[in-house]
There are 2 protein chains.
Amino acid sequence: MPRAGLDPAAVVAAGAALADEVGFANLTMGLLAGRVGVRTPSLYKHVSGQDDLNRRIAVLALEEAADAVGGAVQGYAGRDALAAAARAFRAFVLEHPGRYAATIGQEPSGPEDPLAGAGQRLLGAFTAVLRGYDIDDRDVNHALRLLRSLFHGFATLQASDGFQWSTDVEESFEWLIAFADRGLRAL
Amino acid sequence: MPRAGLDPAAVVAAGAALADEVGFANLTMGLLAGRVGVRTPSLYKHVSGQDDLNRRIAVLALEEAADAVGGAVQGYAGRDALAAAARAFRAFVLEHPGRYAATIGQEPSGPEDPLAGAGQRLLGAFTAVLRGYDIDDRDVNHALRLLRSLFHGFATLQASDGFQWSTDVEESFEWLIAFADRGLRAL
DNA sequence: AACCAAAAGCTATTGCCATTAGCCACGACT
DNA sequence: AGTCGTGGCTAATGGCAATAGCTTTTGGTT
């Protein structure tokens, strides 16, 4: 039996890719094992179980999302930055619905949890967007939560194809960006 | 063996209550059976399986949410209506996290699906809120999606205790309502 | 009042999935 | 060449969903 040359990172990456393909809810250890060319119990040499796998996928997703949003914002400010961040975030969720779903309902066990760090990085990317607006210090946290709620809500509703989002979703999203921009400028 | 006197509605109601208590992810057929005083296979006389149960819980949750929001809005208009709807929706999600979680990721199979009808009712309650604002017909749908995204996002992030929402979540929520109100009035 | 069919329970069983135990081969390093 | 940790394997366990098939209650009909 030749070695498969796996390591935790490879297993997690494959798990994330598989989750995107088959849906997070349908990600099983057996399916993942088949994908990486190994029998199920062998996966336990790299991750300690399904919970661990899920958490690691969530961390990966948050880091990638933070990179995507952070990268998209580079060189922009104000409305342009907001639009870039929003589009990047939504694109990420739609392209990687499985790994993003892994982040829902995960909460960091403590400040040392990698999940907390990854979450902070994503939040930081949105904070950068807010710096382009003239917002009172007291309002920054509220505004941050607003943006997070708005984008998370829109992306997840669309990803689950919630309710007859039949047409012009793009248009609605652009409208939403404009709405948020007007509101933030008016503070 | 005395009959337990169950019917589908009772099973679904008990399932929803149990989901609120133990979390939607931990709702199992065995647990529900124990709760209603019956052995597991007997549940299958009332619901066709776990998927069916989940969908029915989701329908119940959407109907209840629609009732809560619709009722709260009665007699109010404009900002008052918006605030009432927002608070009612959030209160519902926080009081019934399990059944609300059942609605996430469910998509109606067709226009005949009860899930579609229940979703429409909830949407209708929010539409009523928008009537209190002077919104161009072309924008109504966008605004509806905005509100749905905003409230869904906020509620689910808080319910999953997303990111250190440590304190002053109430304040953030009121801030968010004010933000949306200003934006809608400015249209 | 007796009867009977449908409904609603039950036990037993199957099969899938996560997880653990314990064995064995590969291969890097001495 | 020897050795030892790592990463793979088979086998087994336990939980859960689901199905099969039997039995009892129940409510309506004669």
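Order of the sequence lines fixes the chain letters, A, B, ..., with proteins taken first and strands second; residue numbering starts at 1 for each chain.
- Between the P atom of dG9(C) and the NE2 atom of His46(B) lies a distance of 4 Å, rounded to the nearest Å.
- Among dA18(D), dT19(C), dG9(C), the nucleotide with an atom closest to any side-chain atom of Tyr44(A) is dT19(C).
- One can place CD of Gln50(A) at 20 Å from P of dG14(D), the figure rounded to the nearest angstrom.
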- Should Leu130(B) and Leu147(B) be marked as a side chain to side chain contact (heavy atoms under 4.5 Å, CB included) after you check the CA-CA gap, both sets of side-chain angles, and the distance that decides it? CA-CA 9 Å; Leu130(B) 290 181; Leu147(B) 289 184; 3.7 Å; yes

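- Atom CG in Asp7(B) sits about 14 Å away from atom P in dG27(D), given to the nearest Å.
- Spacing between atom CG of Asp51(B) and atom P of dC16(D) amounts to 17 Å, rounded to whole angstrom units.
- Distance, Leu27(B) CG to dC16(D) P: 12 Å, rounded to whole Å.
- Distance from the side chain of Lys45(B) is smallest for dG9(C) among the nucleotides dA18(C), dA18(D), dG9(C).
- Other residues, nucleotides and ligands contribute at most 12 non-hydrogen atoms within 6.0 Å of the CZ atom of Arg39(B).
- Per the geometry, CZ belonging to Arg39(A) stands 14 Å off P belonging to dC17(C), to the nearest Å.
- If you check every strand for non-hydrogen atoms under 4.0 Å, Thr40(A) touches a base.
- Nearest to the side-chain atoms of Thr28(A) among the listed nucleotides dG8(D), dC17(C), dT19(C) stands dC17(C).
- A ring-centre distance under 6.0 Å is not found for Tyr100(A) and His96(A).
- Among the nucleotides dC10(C), dG8(D), dT10(D), the one closest to any side-chain atom of Pro41(B) is dC10(C).
- Heavy atoms from other residues, nucleotides or ligands lying under 6.0 Å from CG of Asp136(B) number more than 12.
- Within 4.0 Å of Ser42(B), counting heavy atoms only, lies at least one base atom of the nucleic acid.
- Remark: P of dC16(D) and CG of Leu43(B) are 14 Å apart, rounded to the nearest angstrom.
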